[in-house]
Peer 1: 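Please find one structure pasted underneath; my questions will follow.
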Amino acid sequence: VYNEVENLGRLYAELRDALDATGRSWEAIFIDDGSSDGSGAELARLAAADGRVKIIEFRRNFGQTAALRAGIEASAGDVIVTLDGDLQNDPADIPRLLARIDEGYDLVHGWRKQRRDTFLTRTLPSRLANWLISRATGFAIHDLGCSLKAIRRDVARELDLHGEMHRFVPILAHWRGARSIEIETHHRPRRFGRSKYGLSRVPRVLLDLLTVKYFVQHLTSPMKLFGTIGMLCGLVSLLAGAATVYMKAAHAVDMTGNPLLLLSVFSTMVGVQFVGLGMLGELGARMYYAIRERQPYAVRRTINCDRPALIRLREERDDGNAARERPAMVPLERTRRRAA
């Protein structure tokens, strides 16, 4: 929620009606992202009237990714549904998302097939960005910008949400092995307030795409990327150097003025730098997984793998083997008296 005071009462009423109809227990977590229009007071009023409404109020505007991460960490449910506070996402679509989760999917993300936004400043840039991201990542999706999603809590808590990665949640979840599906959702025109997004976000999306591309394909083994580039630079250096020597030996061409010599030296330097980047990347990847106590894999479920029971069984077996193999122990004082 960011300066959406006119929408909050209506949003709460629609959420309550849609979620009560599911027959499930639920909570509604509103993240006030530094609003200055009275949204905080309106949210406090809603929370006082309904204990299922929870409020997280930021000290200033930290952005949608930070708000999404705060909501995920504060959630208690098995399934997390995310949506914007501008009433353009329809809460009546939530039961359909939950139904697909019940079918076994880990993530269900919405597709605003009939968008109710301005074409030049929002719809057209969004379509171009979705096409580019799908081609670059190999993840087929129509609408990454739709904030209406349902995701299992264990998958959501594994996501690395920093910067402005909120729009790449389906790709990050897919990278962790989540089963995902896209369904059409109802999109409504904005009635109150104004949009917080425009063409200024295009460069940031492109930069974030490079980050996601690296994370998805090269985070666990960065040396494969940088080392390959370094080897190609080394090959260019070798060919350029060989050509320089041949031109000197066969045609007496001056080596000091030969651009191929400069190319050989430059390629060698660049290749060494890329190999060094690969080594630093490998070190950074190991530190990343060690500090966050994570593994480069994701487990969906385990069967007959009670770790504490296995550990106790192994310890009891080791103790029993040690007792059978250990000779009878003689007290130290008795040994000393016999020696005396």
Side-chain angles (χ1 to χ4, degrees), residues 1-2 4 29 31 33-34 58 61-73 75 80-90 93 97 105-152 155-176 178 180-185 187-188 190 194-217 219:
V1 174
Y2 181 52
E4 301 285 359
I29 305 177
I31 294 86
D33 193 16
F58 286 174
N61 181 255
F62 286 93
Q64 190 170 350
T65 299
L68 181 61
R69 182 174 180 179
I72 291 174
E73 292 178 351
S75 63
I80 298 173
V81 177
T82 66
L83 75 164
D84 286 336
D86 56 11
L87 277 180
Q88 290 193 267
N89 298 131
D90 191 352
D93 289 325
L97 273 64
Y105 290 101
D106 300 309
L107 170 66
V108 183
H109 46 94
W111 172 18
R112 299 166 296 180
K113 190 172 183 180
Q114 301 294 332
R115 289 194 62 168
R116 306 300 182 184
D117 290 319
T118 55
F119 181 77
L120 290 179
T121 59
R122 299 203 62 186
T123 303
L124 180 60
S126 178
R127 289 180 180 177
L128 294 176
N130 287 317
W131 176 84
L132 178 61
I133 293 171
S134 297
R135 294 294 298 271
T137 61
F139 182 75
I141 189 171
H142 293 92
D143 190 5
L144 271 176
C146 182
S147 63
L148 182 57
K149 302 178 181 69
I151 183 171
R152 296 187 187 275
V155 175
R157 292 182 67 87
E158 291 182 357
L159 301 179
D160 291 310
L161 297 176
H162 303 278
E164 296 187 10
M165 291 294 171
H166 60 273
R167 60 177 59 90
F168 296 101
V169 165
I171 296 177
L172 295 175
H174 179 73
W175 172 51
R176 296 294 296 175
S180 60
I181 188 174
E182 186 178 42
I183 66 173
E184 295 183 21
T185 55
H187 191 242
R188 302 180 292 193
R190 175 181 276 273
R194 60 183 182 85
S195 174
K196 315 304 187 296
Y197 297 100
L199 294 176
S200 60
R201 62 176 176 167
V202 173
R204 292 177 290 175
V205 172
L206 296 177
L207 294 175
D208 288 337
L209 175 58
L210 294 177
T211 303
V212 170
K213 179 74 172 178
Y214 175 79
F215 263 65
V216 171
Q217 295 188 354
L219 177 63

Peer 1: Might you work through the side chain to side chain contact (heavy atoms under 4.5 Å, CB included) test for Gln64 and Asp33, ending with a clear yes or no?
Peer 2: CA-CA 8 Å; Gln64 190 170 350; Asp33 193 16; 5.8 Å; no
Peer 1: Looking at Arg190 and Asp86, would you say the former's side chain and the latter's main chain have a donor-acceptor pair under 3.5 Å?
Peer 2: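 It does not hold such a pair.
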Peer 1: How many angstroms lie between atom CG of Asp90 and atom CZ of Arg188, to the nearest 0.5 angstrom?
Peer 2: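 Here the rounded value is 4.0 Å.
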Peer 1: Please round to the nearest 0.5 Å and tell me the distance separating atom NE2 of His109 and atom OG1 of Thr82.
Peer 2: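 Going from the NE2 atom of His109 to the OG1 atom of Thr82 covers 11.5 Å.
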Peer 1: Assess whether atom CZ of Arg115 is packed by more than 12 heavy atoms of other residues, nucleotides or ligands within 6.0 Å.
Peer 2: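 Yes, the 6.0 Å shell around CZ holds more than 12 heavy atoms from other groups.
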Peer 1: Pick out which of Arg176, Arg152, His174 makes a side chain to side chain donor-acceptor pair (under 3.5 Å) with Asp106.
Peer 2: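 Answer to the side chain to side chain donor-acceptor pair (under 3.5 Å) test with Asp106 among Arg176, Arg152, His174: Arg152.
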Peer 1: Please, which pairs that meet side-chain hydrogen bond (donor to acceptor under 3.5 Å, both in side chains) have at least one residue in residues 136-147, sequence neighbours excluded?
Peer 2: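 Applying side-chain hydrogen bond (donor to acceptor under 3.5 Å, both in side chains) to every pair that reaches into residues 136-147, excluding sequence neighbours, yields Asp84-Ser147, Asn89-Ser147, Arg112-Asp143, His142-Glu182.
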Peer 1: Evaluate the side chain to side chain contact (heavy atoms under 4.5 Å, CB included) criterion for residues Leu132 and Leu206: first the C-alpha distance (whole Å), next the side-chain angles of each, then the deciding distance (0.1 Å), finally the verdict.
Peer 2: CA-CA 9 Å; Leu132 178 61; Leu206 296 177; 3.5 Å; yes
Peer 1: Apply the test side chain to side chain contact (heavy atoms under 4.5 Å, CB included) to residues Val169 and Lys149: give CA-CA distance (whole Å), side-chain angles for both, the deciding distance (0.1 Å), then the verdict.
Peer 2: CA-CA 9 Å; Val169 165; Lys149 302 178 181 69; 4.2 Å; yes
Peer 1: For Ala140, is there any backbone N or O sitting under 3.5 Å from a side-chain donor or acceptor partner on Ser134?
Peer 2: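 Such a contact is absent between Ser134 side chain and Ala140 backbone.
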Peer 1: Does a side-chain heavy-atom distance below 4.5 Å link Ile72 with Leu161?
Peer 2: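 Yes - at least one pair of side-chain heavy atoms lies under 4.5 Å apart.
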Peer 1: Which heavy atom of Gln217 sits nearest to which heavy atom of Ala136, and what is that distance?
Peer 2: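 Where Gln217 meets Ala136 most closely, the heavy atoms are NE2-O, 4.5 Å.
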Peer 1: Of Leu107, Leu83, Ile183, which meets side-chain contact (heavy atoms from CB on, under 4.5 Å) against Leu97?
Peer 2: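 The passing option is Ile183.
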Peer 1: Go through the steps to decide whether Leu159 and Ile151 satisfy the test side chain to side chain contact (heavy atoms under 4.5 Å, CB included), and finish with yes or no.
Peer 2: CA-CA 11 Å; Leu159 301 179; Ile151 183 171; 4.0 Å; yes
Peer 1: Show the nearest heavy-atom pair for residues Phe58 and Ala70, with the distance to one decimal.
Peer 2: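 Between these two residues, the closest heavy atoms are CZ-CB, 3.8 Å.
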Peer 1: Work out which heavy atom in Phe168 is nearest to a heavy atom in Asp208; give both atom names and the distance.
Peer 2: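 Nearest pair, atom of Phe168 first, then Asp208: CE1-CB, 3.4 Å.
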Peer 1: Over all heavy atoms of both residues, which pair between Gly34 and Tyr2 is shortest? Give the atoms and the distance, please.
Peer 2: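 Scanning both residues completely, I find the closest heavy atoms to be O-CE1, 3.6 Å.
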Peer 1: Side chains of Trp175 and Leu219: closer than 4.5 Å at any heavy-atom pair?
Peer 2: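 The answer is yes; the side chains approach within 4.5 Å.
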Peer 1: Once rounded to the nearest 0.5 Å, what's the spacing between atom CG of Leu68 and atom CD1 of Ile31?
Peer 2: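 Going from CG on Leu68 over to CD1 on Ile31, the span is 8.0 Å.
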Peer 1: So, taking the atom named CD1 in Ile181 and the one named OH in Tyr105, what distance separates them when rounded to the nearest 0.5 Å?
Peer 2: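 So the gap between those two atoms works out to 3.5 Å.
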Peer 1: May I ask you to decide if Leu144's main-chain N or O and Asn130's side chain share a donor-acceptor pair within less than 3.5 Å?
Peer 2: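 Between the backbone of Leu144 and the side chain of Asn130 there is a qualifying donor-acceptor contact (under 3.5 Å).
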Peer 1: What's the verdict on side chain to side chain donor-acceptor pair (under 3.5 Å) for His166 and Arg69, showing C-alpha distance, side-chain angles and the deciding distance?
Peer 2: CA-CA 9 Å; His166 60 273; Arg69 182 174 180 179; over 6 Å; no
Peer 1: So, do Trp131 and Arg135 sit near enough that their side-chain heavy atoms are less than 4.5 Å apart?
Peer 2: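 Sidechains of Arg135 and Trp131: in contact.
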Peer 1: Mind checking whether Leu148 and His187 have side chains closer than 4.5 Å, heavy atoms only?
Peer 2: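 They are not in contact (no side-chain heavy atoms under 4.5 Å apart), so the answer is no.
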Peer 1: Can you list the residues that meet the side chain to side chain contact (heavy atoms under 4.5 Å, CB included) rule with Ser75, with sequence neighbours excluded?
Peer 2: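 With neighbours one apart ignored, the set is Glu27, Ile29, Ile80, Arg153.
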